[in-house]
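First the structure, in the form of structure tokens, and then the observations on it.
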Amino acid sequence: MTIPKLEFPPFRLPPETEALREEVRAFLKETLPALPQNTGPAASWTTHSPEFSRAMGARGWLGMTWPKKYGGHERSFLERYVVTEEILGHSAPAGLHWLADRQSGPLLLRFGSEEQRQSVVPRIARGECYTCIGMSEPDSGSDLASVRTRAEPVPGGGFRINGTKVWTSGAHRSHYCVALMRTSGQHGDRHKGLSQLLIDLKTPGIGLRPIINLAGRHDWNEVTFTDCYVPESALIGNEGDGWLQVTSELAYERSGPERFLQNFYVLRELVRVLGRQPSGFASAIVGRLVARLWTLRQMSVSVAGFLEAGKSPTIEGALVKDLGTIYQQELPEIARRLAESDATSDEDMADFLDLAQHCTMMAPTYTIQGGTTQVLRGIVARGLGLR
Ligand SMILES: Cc1cc2nc3c(=O)[nH]c(=O)nc-3n(C[C@H](O)[C@H](O)[C@H](O)COP(=O)(O)OP(=O)(O)OC[C@H]3O[C@@H](n4cnc5c(N)ncnc54)[C@H](O)[C@@H]3O)c2cc1C
């Protein structure tokens with residue numbers, strides 16, 4: 001059996017991205033301390049600041065790759081990559097606009113109606129409109145084609161929705177939910193009869209229930225739809241094309257810098273608490289962590305190069321996500337042990353332990369979000385012709 005070759009060709013970000021990186025750094029240095037909320041060293045795409053989202057929009061760093069006609073800036077995916085790296089590296093509170101900028105905007109531009117593109121996409125690019133993703137249901141996660149929430153076409157136009165979505169990140173802070181629902185069919189091919197709808201979360205018949213995670217945070221929600229009527233104009237793309245659309249949307253989720261920089265703050269703070277002259281032992285461990293991070297980053301940049309060239313590196317993207325998950329789940333424990341033996345001040349150590357504890361409690365989510373480890377390994381195995 002011939003196994004297809006896996007490729008991670010060395011790829012360098014073009015020189016113009018370095019000037020942009022400096023611009024973003026200067027902006028963050030000025031903007032982050034002035035924010036009204038104390039977003040803290042562990043802030044990331046799960047922390048929120050409307051002021052920050054609007055400031056990003058004003059700088060032209062949301063909707064970067066989108067057409068100017070819809071409020072975008074027609075820049076490259078590689079420029080967007082650099083901005084994302086800096087946002088994560090500086091723990092900027094990007095949570096409000098994250099999903100809209102990464103997934104919903106591109107989805108609407110590709111499949112949405114002209115009305116949806118004109119009314120919603122420019123507001124996303126200004127950092128004023130936030131979306132959440134309604135895919136998972138109580139009995140449907142990895143096996144997404146089994147969704148049961150029904151959006152029944154109503155005589156005269158529109159849909160009446162009944163069902164429950166779960167783990168919906170940020171629904172309580174969002175304006176719209178991009179939801180996958182069953183609009184026709186039930187038996188036979190489960191991938192048929194699914195559609196995506198853009199649902200205004202103020203619509204009557206929608207209920208939100210908080211789900212509190214291990215770290216005590218309210219990030220998730222259960223979203224219920226009870227005889228909720230939405231107009232025909234809520235449909236994204238064609239009725240029945242939901243499966244095709246949703247799988248293309250998932251491609252935006254994997255292999256980006258968030259897959260290895262989500263808890264970068266732990267490494268940054270570890271280096272700080274180890275002081276200016278760490279022991280040889282501490283230096284060696286930090287060196288190993290940085291080497292792993294750099295390897296992941298090179299692999300991720302390589303995937304970004306493929307995407308920029310219009311290719312779809314599914315296996316490579318899945319591998320970056322899997323290896324990034326392993327690294328990010330090991331980091332807090334390695335860092336905590338090293339800080340306990342080598343931190344230079346007790347005061348720093350207390351703050352660091354809080355941070356490491358927070359990260360340890362968030363770490364189980366890495367295995368699940370953006371595709372579970374087992375599902376991703378299944379994708380890699382299939383891509384290599386091993387199953
Ligand atoms: C931080 C975070 C944020 C999230 N945000 C959202 C959101 O905004 N919107 C949304 O819709 N969902 C969201 N989710 C939900 C997430 O997409 C689902 O939890 C995920 O798809 C897994 O589905 P499940 O929980 O039903 O588990 P299951 O699919 O039941 O999986 C349970 C276990 O079985 C394994 N498994 C399942 N299928 C296979 C297979 N074919 N082969 C081998 N093993 C398999 C899995 O790997 C897992 O270990 C979020 C999850 C997390 C952790």
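Whatever order the structure lists ligands and atoms in, that order sets their numbers, starting from 1. Below, each value reflects all heavy atoms present in this structure, side chains not excepted, and no hydrogens, waters or symmetry copies.
Two residues are said to be in side-chain contact when any heavy atoms from C-beta on lie closer than 4.5 Å; Thr183 and Phe159 meet this criterion. The side-chain heavy atoms of Thr373 and Tyr366, taken from C-beta on, include no pair separated by under 4.5 Å. Within the 4.5 Å cutoff, the side chain of Leu270 has heavy atoms near those of the Leu289 side chain. Taking the side chain as every heavy atom from C-beta outward, Gln116 and Ser113 approach each other to under 4.5 Å.
Of all atoms in ligand 1, numbered sequentially from 1 with element shown, those under 4.0 Å from a heavy atom of Thr372 are 22 (C), 46 (C), 47 (O). When each atom of ligand 1 is checked for a heavy atom of Ile133 under 4.0 Å away, the hits are 7 (C), 8 (O), 9 (N), 10 (C), 11 (O).
Taking 4.0 Å as the cut-off between side-chain N and carboxylate O, Arg54 and Glu128 do not count as a salt-bridged pair. A salt bridge is defined here as a Lys NZ or Arg NE, NH1 or NH2 lying under 4.0 Å from an Asp or Glu carboxylate O, and Lys165 with Glu222 fails to meet this definition.
Protein heavy atom nearest atom 39 (C) of ligand 1, with residue, atom name and distance: Val375 CG2, 4.0 Å. Looking only at heavy atoms of the protein, atom 25 (O) of ligand 1 is closest to Trp167 NE1, 4.0 Å. Of all protein heavy atoms, the one closest to atom 51 (C) of ligand 1 is Trp220 NE1, 4.1 Å. Closest to atom 8 (O) of ligand 1 among all protein heavy atoms lies Ser169 N, 3.0 Å. Looking only at heavy atoms of the protein, atom 49 (O) of ligand 1 is closest to Gln374 OE1, 3.3 Å. Atom 19 (O) of ligand 1 has its closest protein heavy atom at Ile368 CG2, 3.4 Å. Of all protein heavy atoms, the one lying nearest to atom 1 (C) of ligand 1 is Gln369 OE1, 3.2 Å.
Nearest heavy atom pair, residue Phe11 against residue Ser302, reads CB-CA, 4.0 Å.
Atom 33 (C) of ligand 1 is not flagged as protein-proximal [any protein heavy atom, distance under 4.0 Å]. Under the 4.0 Å distance rule, the nearest protein heavy atom to atom 30 (O) of ligand 1 falls outside the cut-off. Under the 4.0 angstrom criterion, atom 41 (N) of ligand 1 counts as lacking any protein heavy-atom contact. By the definition of a contact as any protein heavy atom under 4.0 Å away, atom 5 (N) of ligand 1 is in contact.
Note on Ile87 and Met362: separate hydrophobic clusters, where clusters join Ile, Leu, Val, Met, Phe, Trp and Tyr whose side-chain heavy atoms are under 4.5 Å apart, directly or indirectly.
Aromatic ring centres of Phe27 and Trp61 lie closer together than 6.0 Å.
Ligand 1 has an N or O atom lying under 3.5 Å from an N or O atom of Met135, backbone or side chain.
Of all the listed residues (Ser174, Ser136, Ser142, Gly141), Ser142 holds the heavy atom that lies closest to atom 28 (P) of ligand 1.
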Step by step, would you call Arg272 with Glu269 a salt bridge (charged side-chain N to carboxylate O under 4.0 Å, His left out)? CA-CA 5 Å; Arg272 200 175 59 75; Glu269 294 303 304; 2.9 Å; yes
